[in-house]
Amino acid sequence: MSSKAKASAARENTKAASKDASPRLSPDPSVNASVKVSDIQVIEEKPVGLSPEASSKLQAMFYPKYCSFIVSNIDNAIANGLRRTMLQELLVSHLTFDEENFKCNDAFILIDMIKKRFNLIPILQDTSQEAVFELIVDNRTPTDIVVYTTDLRIIKGAKKIPCNKIPLFSLAVGCSIKIKNIRVEQKFAYEYGFGGCIAFNCASVPVDIKPIEQRAIADQYHDYYANIASALKDGDVTKLKHGLPSSVANPNVYKLSLRTNGNIAPEEVIKAACSAMIERLEYIVNIAPITEQGIYKLVIKGESDTIGNIILRTGLKLYPTAEITTNADTTTRSITITVKLETTGVSSFQAFIKSIIDNAISKIRQIDMQI
């Protein structure tokens, strides 16, 4: 064999040895595990222990509701995505009106203040968007009066006032107010100047891993972190008495909880959040990436970290060697997914991103089906 042939053979052997020395990692087994929803609990938070006389004076149409449930075999991106979506990324039906339809001769009643109060009234979320109301009050009494939501009049599209009896403002003696064409609109909670929400007190708490107790290990910080490294190497973190830091924890069982004002069933909020997340993920498949020297950038306008983190975590579980990052621009509300395709082991970016989205949608759909 010539020296040139020997050198060529040596190079091929070196390449083969290099490939064998760093085999591609397998996908995380949990990525294809079936999602399980359990321990669904819904509590209507009515007043308790009231006398019959006090109970008879309660006129509320609906009461706040608390809901909690356990979800297994999901990662923190999907769990936190559900929490964020339920809290501020669903359309909220609310009452509003135009300034030209507002007339009031009470100097202390400001139109912006009243409009904001109407925005924040928790109305039944199934109220028709064709519904129209008006508010006409004339204070001919010798004292100031309180104007309530029950003073609204139905013009069309509704069979009842879609909210509990809620005080709106005080109207001075001899003053009147007239608001015509009060209508139903929908906005997202994150929209500037709105602030309404469909659910509140939304939480996502891991229950299969104990969080680290920083105070308990304050005097033995370095020793305890050495124990963490040893436990992770052995694959047994149960022996860690004082918990595991979030930087290395990988929980897959979460307790999610939320509250509503009673104007929508909590189960409907969860299902609406699942549907919204699925719709937003499906939209991404059709976006063309920007490419440059093997780097693919996917710019998704109108999106937030909710979707970016789901793509990132699911992508790293399916393709552990992939170089993938996500960046959110909160000013313009957009995210950028950046991928170095050669590190994924997939020749097509479309196939890469579709497999991630399909996997994430599958898990979200399983949650939806079990609620």
Side-chain angles (χ1 to χ4, degrees), residues 24-41 68-87 89 201-258 270 273-274 277 281 304-328 335 337 343 356 359-364 366-367 370:
R24 187 166 299 282
L25 297 175
S26 302
D28 187 329
S30 67
V31 76
N32 292 316
S34 296
V35 176
K36 181 182 178 183
V37 177
S38 61
D39 299 331
I40 302 174
Q41 183 181 35
S68 66
F69 56 102
I70 303 293
V71 186
S72 304
N73 295 323
I74 59 171
D75 55 44
N76 71 326
I78 291 179
N80 194 44
L82 269 173
R83 180 192 66 82
R84 287 169 58 108
T85 304
M86 292 188 296
L87 181 63
E89 295 181 336
N201 283 6
C202 301
S204 167
V205 181
V207 295
D208 58 334
I209 290 180
K210 181 181 178 182
I212 194 167
E213 299 171 2
Q214 293 283 8
R215 293 183 180 180
I217 64 165
D219 296 332
Q220 46 181 338
Y221 179 86
H222 295 291
D223 291 339
Y224 190 74
Y225 268 76
N227 292 337
I228 291 174
S230 176
L232 290 172
K233 185 177 180 180
D234 296 339
D236 180 16
V237 296
T238 57
K239 61 185 179 182
L240 293 170
K241 180 181 177 182
H242 298 295
L244 197 64
S246 60
S247 59
V248 294
N250 188 29
N252 68 352
V253 182
Y254 291 82
K255 180 179 180 180
L256 286 103
S257 60
L258 67 145
I270 301 165
C274 289
M277 291 168 69
L281 285 164
S304 68
D305 267 338
T306 300
I307 296 300
N309 286 330
I310 290 175
I311 294 174
L312 177 65
R313 277 304 294 268
T314 306
L316 290 175
K317 279 192 170 187
L318 282 170
Y319 306 97
T321 60
E323 294 182 17
I324 175 173
T325 62
T326 179
N327 179 63
I335 58 173
I337 309 294
T343 65
I356 292 173
N359 187 278
I361 287 177
S362 173
K363 288 188 175 293
I364 297 167
Q366 289 177 63
I367 297 172
Q370 296 177 64

Specify the closest pair of heavy atoms between A249 and L244, including all atoms of both residues, with the distance to one decimal.
CA-CD2, 3.7 Å
Looking at CG of L87 and OG1 of T85, how far apart are the two atoms once the value is rounded to the nearest 0.5 Å?
9.5 Å
Run the numbers on I367 and I74 for side chain to side chain contact (heavy atoms under 4.5 Å, CB included), then give the verdict.
CA-CA 10 Å; I367 297 172; I74 59 171; 4.3 Å; yes
With sequence neighbours left out, what residues match S204 under side chain to side chain donor-acceptor pair (under 3.5 Å)?
none
Looking at every non-hydrogen atom in both residues, tell me the closest pair between I356 and I311 and how far apart they are.
CG2-O, 3.7 Å
Would you give the length of the straight line joining atom CG of N227 to atom CD of Q220, rounded to the nearest 0.5 angstrom?
8.0 Å
Side-chain (Y254) to main-chain (I70) donor-acceptor, under 3.5 angstrom:
no
Locate the shortest heavy-atom distance separating K255 from S68; write the atom from each residue and the value.
CE-CB, 3.8 Å
Donor-acceptor pair, T314 side chain versus A360 backbone, under 3.5 Å?
no
Calculate, to the nearest 0.5 Å, the distance between atoms CG and CG belonging to N80 and D305 respectively.
9.5 Å
In short, A322 meets L316 closest at the heavy-atom pair O-CD2, 3.6 Å
Who are the side chain to side chain donor-acceptor pair (under 3.5 Å) partners of N327, not counting sequence neighbours?
none
What are the two closest non-hydrogen atoms of C202 and L258, and how far apart are they?
SG-CB, 3.9 Å
For D208 and N252, indicate whether the former's side chain and the latter's backbone hold a donor-acceptor pair under 3.5 Å.
yes
Using the side chain to side chain contact (heavy atoms under 4.5 Å, CB included) rule, take L82 and L256 through it: C-alpha gap first, then chi angles, then the decisive distance, then the call.
CA-CA 8 Å; L82 269 173; L256 286 103; 3.8 Å; yes
Ignoring hydrogens and geometry, is there a side-chain-to-backbone donor-acceptor pair from T321 to T343 under 3.5 Å?
yes
Residue pair Q366, N73: steps toward the side chain to side chain contact (heavy atoms under 4.5 Å, CB included) verdict
CA-CA 11 Å; Q366 289 177 63; N73 295 323; over 6 Å; no
With N76 via side chain to side chain donor-acceptor pair (under 3.5 Å) - residues at least two apart
R313
The side chain to side chain contact (heavy atoms under 4.5 Å, CB included) partners of K363 (sequence neighbours excluded) come to V35, I78, N359
For residues 212-227, which residue pairs qualify under salt bridge (Lys or Arg N to Asp or Glu O under 4.0 Å), counting only residues two or more places apart or in two chains?
K210-E213
Do T325 and L312 have side chains that get closer than 4.5 Å, going by heavy atoms?
no
Check: V37 main-chain N/O paired with Q370 side-chain donor or acceptor under 3.5 Å
yes
Hey, mind stepping through I310 and M277 against side chain to side chain contact (heavy atoms under 4.5 Å, CB included) and telling me if it holds?
CA-CA 10 Å; I310 290 175; M277 291 168 69; 3.5 Å; yes
Would you say K317 and D75 make side-chain contact, with heavy atoms under 4.5 Å?
yes
Taking side chain to side chain donor-acceptor pair (under 3.5 Å) as the definition, give me every residue that meets it alongside T326, ordered by chain and number, with sequence neighbours left out.
none
